[in-house]
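Report on the following structure.
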Amino acid sequence: MLVSFPFFLVTITSAIDVRNLFFFLGASVFFLPAALALMAWINKWREEKEVAPFKDYFHFYFLFWKKSFLLGSVGWLGCLIVGGDILFLSQVTYGRWLVPFLFLLLILLVAIQLNSYYFQVKNPEASVTVLLKVATYVALKKWYISLLNAVLVGIVPIMMILKPQFGFTLFPVFFFGLIYLNCGRHYRGIL
């Protein structure tokens, strides 16, 4: 709740409207280190079976701060650009047929971001370029898992907006736990 406080303020004070999209996207920047810290926390919990939730989460939050922005910029900036293109092309008569392809590109960018976060947690010493290359390869090769993970992570901010009492408390841990389990089950032996 602490790291998503800017998004919480925007959610409770702004209407769901295209004109407020900039505020929602600006407040969601803090999700980049929060998502990576949550995946690292789940990884530690799965391996050690005992964690100090608050202390370990913020330890990972500040440990992966810089790398989360480097890895997450692919997904976040890509979503920003592709989302703007979708809004623009949906208004143009000849551009409407591009919207489904841009939506698939949006899903691919989110999948690359999630895969790179997973591989970062599993290999903390790996470089950003290696992580992004492997994440892109896996997102294209195992597209069905990437699609499922992108849908799961897309549900989290939607639930934060529609049902804040569950979206800010239960759903992030539950859905990121499912994403971690999906990646762990299907990406064994990669990197």
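Just so it is clear, the structure is predicted and the values come from calculations on it, not from any experiment.
- Expressed to the nearest 0.5 Å, how far CG of L147 lies from CG of L108 amounts to 10.5 Å.
- Residues Q120 and S68 form no side-chain contact, since every pair of their non-hydrogen atoms from C-beta on lies 4.5 Å or further apart.
- Rounded to the nearest 0.5 angstrom, K44 NZ and F60 CZ are separated by 5.0 Å.
- W65 and W41 fall within the same hydrophobic cluster, defined by Ile, Leu, Val, Met, Phe, Trp and Tyr side-chain heavy atoms under 4.5 Å apart, directly or through other members.
- Judged by distance alone, with hydrogens and angles left aside, the side-chain atoms of Y117 form a donor-acceptor pair with the main-chain N or O of L32 at under 3.5 Å.
- Annotation: the span from F8 atom CZ to M160 atom CE amounts to 11.0 Å, rounded to 0.5 Å.
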- request: Would you sort out whether W76 and V29 count as a side-chain contact (heavy atoms from CB on, under 4.5 Å), showing the intermediate values?
  value: CA-CA 8 Å; W76 191 81; V29 166; 3.3 Å; yes
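- With rounding to the nearest 0.5 angstrom, the CG atom of L114 is 6.0 Å from the CG atom of N149.
- A distance of 11.0 Å separates CG in L36 from OH in Y61, rounded to the nearest 0.5 Å.
- What you find for G184 and Y118 is that their closest heavy atoms are CA-OH, 3.1 Å.
- In this structure the side chain of F88 never reaches within 4.5 angstrom of the side chain of D85, judged on heavy atoms.
- By the criterion of side-chain heavy atoms lying less than 4.5 angstrom apart, applied directly or through intervening Ile, Leu, Val, Met, Phe, Trp or Tyr residues, I81 is not grouped with V99; the two fall into different hydrophobic clusters.
- In this structure, F103 and V82 have side chains that are not in contact, with every pair of non-hydrogen atoms separated by 4.5 Å or more.
- Classification of the F101-W97 ring pair by plane angle, with boundaries at 30° and 60°, yields perpendicular.
- Ring geometry for F54 against F58 counts as tilted: the plane angle lies between 30° and 60°, on a 0 to 90° scale.
- Atom CG of L162 and atom OG1 of T11 lie 9.5 Å apart (nearest 0.5 Å).
- Nearest approach of P172 to L38, heavy atoms of both residues: O-CD2, 3.5 Å.
- Within a 6.0 Å radius of CZ in F69, other residues, nucleotides and ligands contribute more than 12 heavy atoms.
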N/O donor-acceptor pairs under 3.5 Å from side chains in residues 16-24, not counting sequence neighbours:
{"from": "D17", "atom 1": "OD2", "to": "R19", "atom 2": "NE", "distance (Å)": "2.6"}
{"from": "D17", "atom 1": "OD2", "to": "R19", "atom 2": "NH2", "distance (Å)": "2.5"}
{"from": "N20", "atom 1": "ND2", "to": "A15", "atom 2": "O", "distance (Å)": "2.8"}

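- Contact between A135 and N115 at its shortest, heavy atoms only, is O-ND2, 3.5 Å.
- Of the residues listed (V74, L71, V138, V134), the one engaging S116 in a side-chain contact (heavy atoms from CB on, under 4.5 Å) is L71, and it is the only one.
- Scanning both residues, A40 and V121, for their nearest heavy atoms gives N-CG2, 3.7 Å.
- More than 12 heavy atoms of other residues, nucleotides or ligands shown are found within 6.0 angstrom of CZ on R96.
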- prompt: Please walk me through it: do F176 and L152 pass side-chain contact (heavy atoms from CB on, under 4.5 Å)?
  reply: CA-CA 8 Å; F176 274 94; L152 286 174; over 6 Å; no
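- The neighbour count for K122 NZ, taken as heavy atoms of other residues, nucleotides or ligands under 6.0 Å away, is above 12.
- Classification of the H186-Y144 ring pair by plane angle, with boundaries at 30° and 60°, yields perpendicular.
- Hydrophobic clustering keeps W143 apart from L104 (ILVMFWY residues linked when any side-chain heavy atoms are closer than 4.5 Å, directly or through intermediates).
- Of all heavy-atom pairs between V10 and A27, the closest is CG2-CB, 3.8 Å.
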